[in-house]
Structure formats: C-alpha cells, structure tokens
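Each remark here refers to the structure printed beneath this line.
Throughout, protein chains are lettered first and strands after them, A, B, ... in sequence-line order, and every chain is numbered starting at 1. None of these values were measured; they are calculated from a predicted model.
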There are 2 protein chains.
Amino acid sequence: MRPGGVRRLRTPATAVPGPTVSTVTASRRDPGPSPRGEQTRELIVATALRLFRERGYEATTMRAIAAEAQVSVGNAYYYFPSKQHLVQAYYGQSQGAHAAAARPCLETESAFQARLHGVLLARVDTMQDEKGFAVDFFRFAADPQSPLSPFSKESATAREMSIGLYEEVVHGAKGLKVPAELQESLPELLWLYQMGVVLFWIHDTSPASAKTYALVERTVPLVGKLVHLTRYRLLRGVLSDLLDLLRELGPIQGSAPGRLTDRERRSARSE
Amino acid sequence: MRPGGVRRLRTPATAVPGPTVSTVTASRRDPGPSPRGEQTRELIVATALRLFRERGYEATTMRAIAAEAQVSVGNAYYYFPSKQHLVQAYYGQSQGAHAAAARPCLETESAFQARLHGVLLARVDTMQDEKGFAVDFFRFAADPQSPLSPFSKESATAREMSIGLYEEVVHGAKGLKVPAELQESLPELLWLYQMGVVLFWIHDTSPASAKTYALVERTVPLVGKLVHLTRYRLLRGVLSDLLDLLRELGPIQGSAPGRLTDRERRSARSE
DNA sequence: CCTCATTGTTGAACGCGTTCAGATTTCTCT
DNA sequence: AGAGAAATCTGAACGCGTTCAACAATGAGG
C-alpha cells in the first residue's frame with residue numbers, strides 16, 4: 001500500500017549532461033517519446049538482452065528482467081506489450097551485425113556468385129555465433145502469428161534493410177547479365193532464398209550447423225547457375241511464370257486478418 | 001482431501017460388450033496399454049479435439065478438457081506429457097483426411113501433372129476446411145523444437161504416409177520419364193514442395209486462402225515443366241547438384257541434440 | 001481371502017506471462 | 001507558483017500449463 005515508494009536515482013550527479021538544457025520542447029510539438037521514458041525503455045531492453053544471452057530465452061522470466069533492471073514488471077509491460085516484443089531489439093542488432101559482416105565482401109568481391117556467397121555466409125556466421133539462443137528468436141520468426149514474423153508490419157524496416165543487402169549484391173556485381181524483368185525482382189528472390197537457408201538453419205541440429213554450411217556451399221553455385229541460365233530460351237518460360245506468380249501473390253500477409261488470437265486483438269490497439 | 005471419491009461409471013450397463021470375455025491376457029504378455037487406460041486415453045483425446053474445434057487451441061484450457069472429460073487435470077498429464085501432444089492425434093486425422101481426399105484423383109488421373117495437382121489440392125482443401133484452427137496446429141509443425149515438427153521422430157509414421165502419397169503420384173503416372181537418379185528422390189522432393197505450400201498457407205491471410213490456391217495453380221505446371229526439363233542436358237548439371245545435396249544433407253535432424261530446452265529434457269525421459 | 005506391486009487418478013500448488021486499478025512523477029499552461 | 005493533464009510506474013492478482021505427493025483400483029500370487 002505504498003506504491004511508488006523509494007526510487008532508484010535515475011540521473012545521478014555523475015550522469016552525462018548532454019542536452020539537459022531546458023525542457024527541450026525545441027521543434028514544434030515533438031510527438032516522439034520523451035527522453036525520460038526512452039531511458040527506461042533502453043534500460044529494460046538492454047537488461048533483457050543481457051539476460052537472454054546469459055540464460056536463454058525461456059529461462060529468463062519477466063520478473064527477473066524487471067528485478068535486474070530495478071523496475072516493476074508492470075513497467076516493462078508499459079513499454080513492451082509482450083515478452084516477444086523484447087526480442088525485436090535483438091532482431092535489429094542481429095540485422096546490423098549481418099550488414100557489418102557482409103560489408104568487406106561487398107567492397108572487395110565483384111563477381112555475382114562471390115558476392116552472394118559472402119553475404120549469405122555472413123548471415124549464417126553471425127547467427128551461428130550465438131546459436132542455441134538465436135534459434136529461440138528465429139523460431140518466432142517462423143511463426144506467422146508472431147509480430148516477429150519477417151513478413152509482419154513490425155518487421156518492415158528490418159526486412160527492407162535485409163533486402164537492401166541483396167540489392168547491393170546484384171547492383172554491384174560486374175558482368176552480371178540478367179533479363180530486365182528479373183533484374184527488379186532478383187534481390188527479393190535472393191532474400192527469400194536467404195529465408196529458406198535460415199529456416200533450414202533453425203531446424204539444423206548437426207554439430208556446428210555443418211549441414212547449413214554445406215547447404216550454402218552447394219546451393220550458391222546452383223543459384224548462380226540458374227541465374228546464368230535465365231538468359232537462355234529454355235528457362236525463360238519457367239522464369240516468367242515464376243515472376244508472374246510473385247507479382248500476383250504480392251505480400252503474403254496484410255490482406256485479410258483471418259481469425260485473430262486474443263493476443264493479436266489486444267496488440268492491435270497499440271497502433 | 002477426498003482423492004478418488006465418486007467416479008463416473010466407466011462401463012455402464014449399456015456398454016458395448018465386445019471382447020469383454022475374460023481378462024484378455026490372451027497373447028503372450030502384451031506390453032501394450034491395458035484396455036482400461038486406453039479407454040481413458042481416448043476419452044481425453046476425443047474431448048480435447050472436440051473442444052479444440054469448438055473453441056480453438058489457445059482458448060481451450062487443460063482444465064476445461066479435464067472437466068469436460070470428467071477427469072482430473074493430472075490424469076490428462078498421465079497420458080499426454082503436454083498440451084501439444086494432444087495435437088498429434090489431430091495430425092493423424094488430418095493425414096487420413098488428405099489420403100482419403102486424394103484417393104479419387106489417384107485412381108482416375110494418369111498424367112503426372114494432373115496427379116500432382118490433385119494430391120496437392122487435396123492437401124490444401126482438407127486443411128482449409130478447418131482453417132483458423134488448423135493453422136494453430138501446422139504452426140507448431142513449423143517449430144523445430146516442437147515434437148510436432150514433421151522432421152521429428154514422433155512424426156515419422158505420418159511423414160512416411162505423406163511421402164507415400166507422392167510415391168503413388170510418381171509411380172502411377174503414365175508416360176512420365178525422368179532420369180533414373182531422380183526417380184528415387186522425386187517423391188521426397190514433391191513432399192518437400194508440399195511442405196513449402198503448407199508453410200505458405202499458414203502465412204497466407206488472404207480471404208479463403210486464395211493466394212495459396214493461386215500458388216498451387218501456378219507452381220504445379222511449373223514443377224511439371226521442370227521435371228520434364230530434367231531430360232535435357234542443360235538442366236542435368238543443376239539436377240545432379242541438387243540430388244547430391246539431398247544425399248549429403250540426409251535427415252536434417254537427429255544428428256546432435258543442440259541445446260535442449262527444459263521441456264525437451266523432461267520429455268526425453270518418456271522414451 | 002489377503003498381500004502387494006503396478007497402474008491409474010486426484011487436486012492443491014508452483015511459476016510463468018500478463019493485466020489492472022490506482023499511485024506518483026513530469027509536463028503544460030496560466 | 002499552482003492546477004490539471006499526460007506520462008510513467010507499481011505490485012497484487014488472474015489464468016494458464018505443468019508438477020507432485022499422495023491416494024485408490026486392479027489383478028496376480030500365495
């Protein structure tokens with residue numbers, strides 16, 4: 001019966017001054033989050049990610065996260081509608097790590113296949129670095145009902161960044177000649193190919209994910225060949241069929257809601 | 001403080017007599033389940049499936065299942081290690097429904113593409129009949145950590161029955177000529193193709209799963225063409241690469257355990 | 001008829017993710 | 001400064017899946 005009670009010092013005397021100058025109402029009424037809330041939000045997400053890494057996803061309870069961050073459980077739920085939403089931050093980190101790991105290859109290699117190989121390998125490597133805990137996360141990604149699905153609205157920016165890498169793969173490839181109609185869709189197709197590899201990876205229980213690496217080594221040349229073959233008549237028919245299909249299907253999700261779960265109905269209001 | 005207490009009548013006077021004659025210790029010491037336990041087991045699973053259909057998976061609580069079956073919660077857990085395991089019964093049913101729905105096509109059609117189309121369509125149709133509740137189940141199938149994964153040991157028989165359908169598709173197809181090396185693997189490849197369609201379906205939120213049907217209509221001819229093209233030189237290289245890969249990768253799961261979840265560790269003992 | 005091991009069954013209890021009514025702090029405007 | 005609104009924060013409580021120690025029914029062997 002003493003809600004509130006003693007609080008931790010939010011900004012102790014040693015805190016970084018930064019833009020503390022005046023209540024920065026600067027630009028026209030900023031609809032963005034106040035710096036105070038943002039601070040708590042980041043504290044919570046940082047704590048959560050640390051504990052996830054230390055103990056694994058399931059073994060990390062919301063109570064533990066709250067306690068470690070010196071915050072109440074309810075407060076965590078004020079910023080994140082569910083435990084899964086805390087994982088989205090990991091998504092961003094992982095995406096960034098992939099982009100960084102792919103950078104060297106994109107700046108040195110010029111052949112299409114080598115570029116594809118480097119970028120895809122970077123993806124697997126960065127996931128593999130934290131395997132056993134990253135699986136828990138990409139597992140959610142395979143769940144269509146999860147907000148973490150790569151096709152969901154929430155994942156839009158991460159998805160576009162990821163596809164962007166494959167745009168670089170294609171556009172930076174010297175001597176790559178593909179039919180005009182394919183040119184545009186190729187990055188997205190390659191991204192789908194990556195999704196397939198990731199899907200394989202989360203199912204792959206071989207030591208050190210050896211089979212996933214084998215899959216990459218074997219399929220990259222295969223994809224390379226196929227892309228090369230698209231310049232011949234024989235495959236053109238199949239190719240146009242495939243591209244037509246892609247155009248027709250468009251985004252898989254987003255058309256009709258289907259049956260919503262209780263959770264989705266609840267989350268829907270936070271839009 | 002009255003465990004046991006009043007029980008329901010297990011076999012009322014009107015019960016089917018059947019082989020009630022003597023305690024049927026018939027054949028040499030039968031290690032199988034006693035008929036008594038089997039009766040309860042089936043009561044529970046039937047009740048569960050009924051409630052799942054009526055209310056959906058998440059809305060059906062273990063307490064409700066137990067209450068409806070006039071059994072204690074603990075008793076349900078005596079027969080099924082988890083709520084998810086109750087779903088495996090649905091798997092069997094669904095698999096049977098698919099096989100039955102595919103039968104007419106397999107007995108009338110003779111062209112490869114028509115047979116493939118019929119069987120695949122039968123799969124989507126039977127799922128679609130209970131969409132919105134079937135998604136919940138096939139969702140688990142996409143989860144590698146779930147015992148319901150189609151690659152898991154528990155799902156082995158269902159998987160083999162499913163692949164069997166595609167063996168029928170191939171072997172019963174008149175005039176189908178494929179390279180010898182492909183002949184053997186084709187059914188499994190087609191099954192993987194079906195898995196892809198199912199994966200698409202659980203993500204598909206378009207009305208009446210229209211996009212999944214479009215996917216089937218568009219990709220079946222495409223697969224047909226590709227299979228046909230394997231007789232030409234141009235694709236032979238790609239084909240052998242693909243088949244080599246399949247052989248090399250073998251079963252995705254089963255090699256090394258990876259990091260087990262608490263639940264898996266618990267379930268492991270029940271083997 | 002009486003053990004007694006096996007099988008079946010019970011319901012309270014545990015820990016979890018999540019919710020909620022209300023308290024406190026911060027911001028805004030006068 | 002002060003009042004009111006908005007943002008932030010609290011922890012008890014809820015319902016869930018699951019576990020567990022204990023108890024009852026069953027049936028084989030004496």
Side-chain angles (χ1 to χ4, degrees), chain A residues 1-11 20 22-25 29-41 43-44 48 55 57-67 69-87 261-263 265-267 269-270, chain B residues 1-8 10-11 22-25 29-41 43-44 48 55 57-67 69-87 261-263 265-267 269-270:
Chain A
M1 286 304 179
R2 191 185 36 75
V6 180
R7 295 292 165 70
R8 73 182 184 283
L9 293 179
R10 197 68 83 110
T11 41
T20 318
S22 83
T23 53
V24 63
T25 326
R29 57 184 185 82
D30 187 275
S34 78
R36 176 63 175 277
E38 202 56 30
Q39 200 173 326
T40 309
R41 176 190 209 87
L43 172 64
I44 291 170
R55 316 178 182 178
Y57 178 77
E58 304 223 321
T60 303
T61 71
M62 288 302 279
R63 285 167 178 82
I65 295 172
Q70 306 204 68
V71 148
S72 70
V73 244
N75 201 7
Y77 278 94
Y78 178 76
Y79 291 102
F80 301 93
S82 82
K83 192 182 174 186
Q84 284 205 20
H85 279 80
L86 279 166
V87 174
T261 65
D262 289 340
R263 172 153 316 152
R265 223 168 277 122
R266 273 183 261 116
S267 308
R269 63 178 187 193
S270 60
Chain B
M1 284 302 180
R2 193 184 35 78
V6 181
R7 295 293 165 69
R8 72 183 183 285
R10 198 68 84 110
T11 42
S22 82
T23 52
V24 64
T25 325
R29 56 182 186 82
D30 188 275
S34 79
R36 178 63 175 277
E38 200 56 29
Q39 201 173 327
T40 309
R41 175 189 210 88
L43 172 64
I44 291 170
R55 316 178 182 177
Y57 178 76
E58 303 224 321
T60 303
T61 71
M62 288 302 278
R63 285 167 178 80
I65 295 172
Q70 306 204 69
V71 149
S72 70
V73 244
N75 202 6
Y77 278 93
Y78 178 76
Y79 292 102
F80 301 93
S82 82
K83 192 182 174 187
Q84 282 205 22
H85 279 80
L86 279 167
V87 174
T261 65
D262 288 341
R263 173 151 317 150
R265 224 169 276 121
R266 272 185 262 115
S267 308
R269 62 174 188 194
S270 61

Tell me: [atom1] of [X] to [atom2] of [N], nearest whole Å?
X	N	atom1	atom2	value
Gln70(B)	dT10(C)	CD	P	10 Å
Leu86(B)	dT18(D)	CG	P	9 Å
Gln39(A)	dT8(D)	CD	C1'	13 Å
His85(B)	dT19(D)	NE2	P	11 Å
Ile65(B)	dG17(D)	CD1	C1'	11 Å
Lys83(A)	dG15(C)	NZ	C1'	12 Å
Met62(A)	dA12(D)	CE	C1'	17 Å
Phe80(A)	dG17(C)	CZ	C1'	16 Å

query = Hey, which of Ile65(B), Thr60(B), Thr61(B) is the one that makes side-chain contact (heavy atoms from CB on, under 4.5 Å) with Arg63(B)?
reply = Thr61(B)
ask   = Is Asn75(B) near enough to dG8(C) that one of its side-chain N or O atoms lies under 4.0 angstrom from OP1 or OP2?
value = no
Looking only at side-chain atoms of [X], point me to the closest of [options].
X	options	value
Tyr78(A)	dG17(D), dT8(D), dA12(D)	dT8(D)
Ser72(A)	dG17(D), dT10(C), dG11(D)	dG11(D)
Tyr79(B)	dG17(D), dG11(D), dG8(C)	dG8(C)

ask   = Shortest non-hydrogen contact from Ala69(A) to Leu43(A)?
value = O-CD2, 3.4 Å
ask   = Is the NZ or CZ atom of Lys83(B) positioned over Tyr57(B)'s six-membered ring, under 6.0 angstrom from the centre and within 45° of the axis?
value = yes
task = Assess Arg41(B) against Tyr78(B): is NZ or CZ under 6.0 Å from the centre of the six-membered ring, and within 45 degrees of the ring's axis?
result = no
query = Among all residues two or more places apart in sequence or in another chain, which pass the side-chain contact (heavy atoms from CB on, under 4.5 Å) test with Ala76(B)?
reply = Ile44(B), Met62(B)
key: Nearest-nucleotide 5' precedence on DNA chain C, Gly74(A) against Arg63(A)   = Arg63(A)
key: Closest-nucleotide 5' rank along DNA chain C - winner of Arg41(B) and Tyr77(A)   = Arg41(B)
